[in-house]
Structures are given as C-alpha cells and as structure tokens.
Amino acid sequence: MLQSEKRSLIRFLVIYLFSTFILFSMASWIFYLFAKQNIIQQQRELMKVESTHLVSQIRILHQSNNKILYYPQNERMKSAIYTVDKAYIFGTLPSTHTLDDEVEEGTLHYIVKMEPYYLGAAYLLVEKRIDRSAIVLLQKQILFFMLVAGVLFSLLGYFLGRLFIAPMRDAIEQMNQFIQDTTHELNTPISTILTNIEMIETFGRDNTHAPELKRIEIASKTLSRIYDDLTYLNLNHHYHRKIVPLNMVSLLEERMIYFSAMIEAKDIKVSIKLDRDIVKNIDKNDALRLVDNLLSNAIKYNKTHGLLEVILTEKSLLIRDSGIGINAKDLGEIRQRFRRANKSEGGFGIGLHIVSQVCENYGFMLHIDSLENQGTKVEVVWKKS
C-alpha cells in the first residue's frame, strides 16, 4: 500500500471510528441511565410489597395478647414506626432517625400511613440500601458490548476504507503505467537529438544558427533530465545501488557544465565554492539525481540576471538562488510527490521528492529555507561518519 493510500485510510478510520464511538457512547449512556432507573424502580416496588407485609405483621402484633411483643424484622431492609406527631416509637432504625430526614444517596426510602393506628403508630418508615450488584452487572454488559462493537466496527471500517481508496489506487497505478510507457517512448528520440546536437557542434558548427541550436540543446537536456527523473522514480524501490566512494567535486563541476546552456539562457551569475577532496559513499545515479534536481530547480525558478550560489564543504552541499521563492504555507508539503509550489513554471513536482528520497536513503538531512520573491536556500547536510 502506498504512503498516500495509508494516510487516506488512516484519516478515514480515525473519523469513522471517532464518530462511531461518540454515537455508541451516547446511545449506551442513555440506555444505561434508563436501565439503571428501571432496576432501582423494581427494587422500590419490591420494598413496597415488603412494607405491606410488615404492616400485616404489626397488625398481628397489635392483636396479640402476649406480654412481650417482638418487633418484626426484615434482613433486607430497616424500619420504624412513628406516632401521628411523627415521634419515634420503635424499630430497627436508630431513634434519631426522623420522618423528615433527607434520604441518603444510594438508599431507598418509603413511608406508609397506617390506619387504624396499630400499636399507636400512624406511620411506618422503611429504608434499604440499593442493591448495586445488578447495576454492576449492567455496566459490565455495556462495556463488553462496546468492546465487541468496537472490534466489529473497526474491521468494517477497515474494509470500507480499502473499498473507498480502491479508485485512488487504480488511478495511481494507471498514472504510474502511463509514466513508464511515456519514459520508454521518450528514451530513443531524446538520445537521438542529443547525439546529433553533439555531432553538429563537433563537425559542422554554423554560427548562423547558433541561438537555435542552443535552444534545442536546452530543451533536449530538459527532456533528458525529466526522463532520468521519471525512470529513477519508477525504479527507486527496485534499483540495485552500487555504493562507491564518489568525488562530489568532480561530479558538481561536470553537472555545472551540463547545465551551462540553461544558465547562460537566463544570464544567471554563478558563484561556486568547492572544497577539495570531498568524497562520499553513494551510488552515482543517486548522487546525479540529488545534484541535478537541486541545480535544475535553482535555475528554473531563478530570475533572469539572477544569482546562483553553489557551496560544497565537508559538512554539506548548499545551493542558493535569488528566484521566486516558496510560500511559507507550501514549505511543509513541497517534498511530497507531484507537489509544486509554483504551477506557472511547469514540471511534474517530483524534483524535491526525489531529493528527499535520496537524503532519506543515505541518512542526509535536508533543510529548505525560502522567502517568496527573494529566493530559496537548500542545504543537504551529509551524514556524519
């Protein structure tokens, strides 16, 4: 799966699972409150039934001729009887407990009016603690349901996400196939043009048509560089790299000559500072793509009569131009494939992506600083040995 597909799938799953979690949480909370209230109401109704049974026991006790009367007790609840003036008579509740006391949290409270007044009592107060075992069981069932639903909806979201990104994958595959076919077809005509230009310059240079030949050379080299970039982009993951000690000074001098026609066409002033004996362990094709894309961008996006500065040291390669620059909001995304900060200059938007890939493969650090309409500075910091 491509990186862009992974990002799209992750974003979809995050939004999908977050919204599903919120919806199910709200529904589960409402259900929990309703079910909890229903459990409490059932316990309250049971307490009412037991209080009726207790009144019957008090009536029997009232009619008893025994010298000693035993107040009826219930293990599941406490009770007490009160006079018509709400004065405490007797019960399993403390004598300090009155009919007007506030009900403690987690306690069920019920008052029964007794008529006639058995044992002189006008009121019967019964209290019991709420049985939380049923509520705890309800909580566990809801959590289990949420867990199972979360797993099922995660799997469903994943398959839906894969289904939704399928068109994007097909489009990317078609585009990659188109690029491969295009690069294959471009190879022969580009090579032919460049070879013939070299032959004309060597054996039959005609100063009358020198400007035209120069423009053809620039266009041909531009096409050749695009071809090389597209080929490198397609083969990057399957390419067998030959890591060798490479003289970066010689490579830069060679590529500056290669781009000289483009530099002259825009009348760009060049400043080169190359330390001697800068050797890096790198595949030559990777080094070419790194240097060529940085120089090409610095030339293409430079201004006419602008400045191009190339500095090579043991620490880094720095290329600075005085061109159109990059908007601050585009700097964070400029390294992505097919991303261009300035669409008026053309191109595929793969140059800095290739540079970024090369730097990542070799552990180089890539720093890009730019101000719009003032220029861009790109620095590749070599990996410390």
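FYI, the numbering just counts along the sequence from 1.
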No-hydrogen, no-angle side-chain donor-acceptor test under 3.5 Å, Ser133 and Asp131: yes
Identified side chain to side chain contact (heavy atoms under 4.5 Å, CB included) counterpart of Leu252 within the set Asn247, Ile257, Leu274: Leu274
Closest approach of Glu50 to Arg76 (non-hydrogen atoms, all atoms of both residues): OE2-NE, 2.6 Å
Residue pair Val249 / Asp277, side-chain heavy-atom distance below 4.5 Å: no
Side chain Ser51, main chain Lys48, donor-acceptor under 3.5 Å: yes
Side-chain donor/acceptor of Asn38 to backbone N/O of Phe34, under 3.5 Å: no
Polar side-chain atom of Lys269 near backbone of His305 as donor-acceptor pair, under 3.5 Å: no
Which atom of Tyr71 lies closest to which atom of Ser79, heavy atoms considered: OH-OG, 2.9 Å
Charged N-O contact under 4.0 Å between Asp286 and Arg289: no
In one Ile/Leu/Val/Met/Phe/Trp/Tyr side-chain cluster, 4.5 Å: Leu137, Met146: no
Flag for Glu45-Gln41: side-chain donor and acceptor within less than 3.5 Å: yes
Same apolar cluster: Tyr88 and Ile81, side chain cutoff 4.5 Å: no
Side chain Asn66, main chain Leu69, donor-acceptor under 3.5 Å: no
Glu127 and His97: CA distance, side-chain angles, deciding distance, side chain to side chain donor-acceptor pair (under 3.5 Å) verdict: CA-CA 11 Å; Glu127 282 189 358; His97 202 86; 2.8 Å; yes
ILVMFWY network linking Tyr82 to Leu54, side-chain heavy atoms under 4.5 angstrom: no
Linked, directly or transitively: Phe90 and Tyr117 (ILVMFWY side chains, under 4.5 Å): no
Intermediate values then yes/no, side chain to side chain donor-acceptor pair (under 3.5 Å), Asp101 and Thr98: CA-CA 6 Å; Asp101 287 347; Thr98 66; 2.7 Å; yes
Check: Tyr70 side chain, Leu61 main-chain N or O, donor-acceptor pair, under 3.5 Å: no
Of Ile272, Val291, Asp275, Ile278, the residue whose pairing with Leu312 passes side chain to side chain contact (heavy atoms under 4.5 Å, CB included): Ile278
Gln73 side chain near Glu75 side chain, heavy-atom distance below 4.5 Å: no
Lys303 atom NZ, neighbour heavy-atom count above 12 within 6.0 Å: yes
Cluster overlap Val270 with Phe259, hydrophobic side-chain contacts below 4.5 Å: yes
Near-ring test Phe24/Phe153, centroid separation under 6.0 angstrom: yes
